[in-house]
Amino acid sequence: MQRGVVGMPGPVIPNPVDTGIFRPDGPKALLPDWDGYRVSAVSWSDNPLKGGGRLAELAAFNPTVQVVLVGRWPDWPAFHGKNVVRLGVLDAQGVAAVHRAVDALVTFSEHEAGPNHVLEAMACGRPVCYRDSGAMREYVGPGGGTSLVDVLAHREALGAAALSTIRDQHTAEVVFPRYLDVLSGVA
């Protein structure tokens, strides 16, 4: 039997985050000595829409901010500066340890619908500096903003708000019952 495209919007259920791994307490990544702010950036794709170009500009024009790259990133000259640490692909525990070792997550992705890396940083109590595109504003809520200067200046309050957002909206205990409610209504 052929079915048509859904004629009306369905429910939007946010992703859950594994708060057993991504949490504020726990080991921190051992990073090179640094006197200034540190930010993490996570990408598993070198798609230009993941914001690598903007992140390279941030690294090049902000030498007092250490940028810790996790995952796959283009091999651009700006990503080889003294303020850039390339860690490559890490497991979940490694990513969590990086988030706990930095002041904020930076993500300049465009059109993201459900960015897990954002939720994981927030679950570690880190605020998020983001490009206002896709669902980023809804996901981050009061746990970050679009200005890196503001996010870093208010990182403790924004980090607390980020963690509260995770606990209120993105734990398995909150998300899975929403899935079950929707599935119970399907005939």
Side-chain angles (χ1 to χ4, degrees), residues 12-32 34 37-47 50-52 55 58 65-73 84-109 111-146 148 150-152 154-180:
V12 175
I13 302 173
N15 293 341
V17 64
D18 186 341
T19 55
I21 295 172
F22 296 96
R23 61 185 196 281
D25 62 316
K28 293 182 179 181
L30 298 175
L31 299 172
W34 190 257
Y37 293 115
R38 286 186 162 131
V39 297
S40 58
V42 178
S43 180
W44 306 110
S45 167
D46 54 9
N47 180 324
K50 295 298 182 180
L55 188 62
L58 181 142
V65 175
Q66 187 178 63
V67 179
V68 181
L69 301 176
V70 175
R72 291 189 324 204
W73 290 96
V84 177
V85 177
R86 295 179 70 102
L87 298 178
V89 175
L90 302 174
D91 63 12
Q93 289 83 3
V95 175
V98 169
H99 290 320
R100 288 190 286 267
V102 301
D103 298 298
L105 171 80
V106 175
T107 184
F108 295 133
S109 290
H111 315 301
E112 287 276 3
N116 289 335
H117 66 286
V118 168
L119 299 179
E120 293 165 353
M122 292 171 63
C124 290
R126 297 304 178 260
V128 178
C129 177
Y130 60 91
R131 182 177 188 161
D132 193 5
S133 176
M136 213 58 79
R137 184 182 323 156
E138 290 82 5
Y139 259 52
V140 174
T146 58
L148 183 58
D150 290 344
V151 168
L152 291 174
H154 304 287
R155 66 190 177 282
E156 290 186 26
L158 293 173
L163 188 56
S164 180
T165 297
I166 293 299
R167 291 179 176 153
D168 292 346
Q169 299 176 26
H170 298 285
T171 64
E173 295 80 15
V174 172
V175 173
F176 291 155
R178 293 182 67 190
Y179 280 116
L180 293 175

side-chain hydrogen bond (donor to acceptor under 3.5 Å, both in side chains) contacts touching residues 158-172 (sequence neighbours left out): Thr171-Glu173
Nearest atoms (heavy-atom pairs only) where Ala123 meets Pro24: O-CD, 3.3 Å
Heavy-atom pair of closest approach, residues Phe108 and Arg131: O-CD, 3.7 Å
Val65 vs Val106 side-chain heavy atoms within contact, under 4.5 Å: no
Rounded distance [0.5 Å steps], CG in Leu87 versus CG in Leu31: 6.5 Å
Arg86 side chain to Gly88 backbone, donor-acceptor under 3.5 Å: no
Arg23 side, atom CZ; Glu120 side, atom CD - distance, nearest 0.5 Å: 13.5 Å
Non-hydrogen atoms of Pro127 and Leu158 that approach each other most closely: CB-CB, 3.5 Å
Minimal non-hydrogen separation, Ala101 against Ala29, with atom names: CB-O, 3.6 Å
Minimal non-hydrogen separation, Leu119 against Asn15, with atom names: CD1-O, 3.6 Å
Any side-chain heavy-atom pair of Val39 and Cys129 under 4.5 Å: no
OH-CD1 distance between Tyr139 and Ile166, expressed to the nearest 0.5 angstrom: 9.0 Å
Neighbour count above 12 (heavy atom, 6.0 Å) for Leu30 CG: no
Beyond-backbone contact of Val42 with His99, side-chain heavy atoms, under 4.5 angstrom: yes
Side-chain (Arg72) to main-chain (Trp44) donor-acceptor, under 3.5 angstrom: yes
Test item: Thr107 side-chain N/O and Tyr130 main-chain N/O as donor-acceptor pair under 3.5 Å: no
Donor-acceptor pair, side chain of Tyr37 and main chain of Ala104, under 3.5 angstrom: no
Closest contact, heavy atoms only, Val118 versus Leu105: CA-CD2, 3.7 Å
Donor-acceptor contact present, side-chain Arg126 to main-chain Ala121, <3.5 Å: no
Sub-4.5 Å side-chain heavy-atom contact between Trp34 and Val85: no
Contact list for residues 92-104, test salt bridge (charged side-chain N to carboxylate O under 4.0 Å, His left out), sequence neighbours left out: Asp103-Arg155
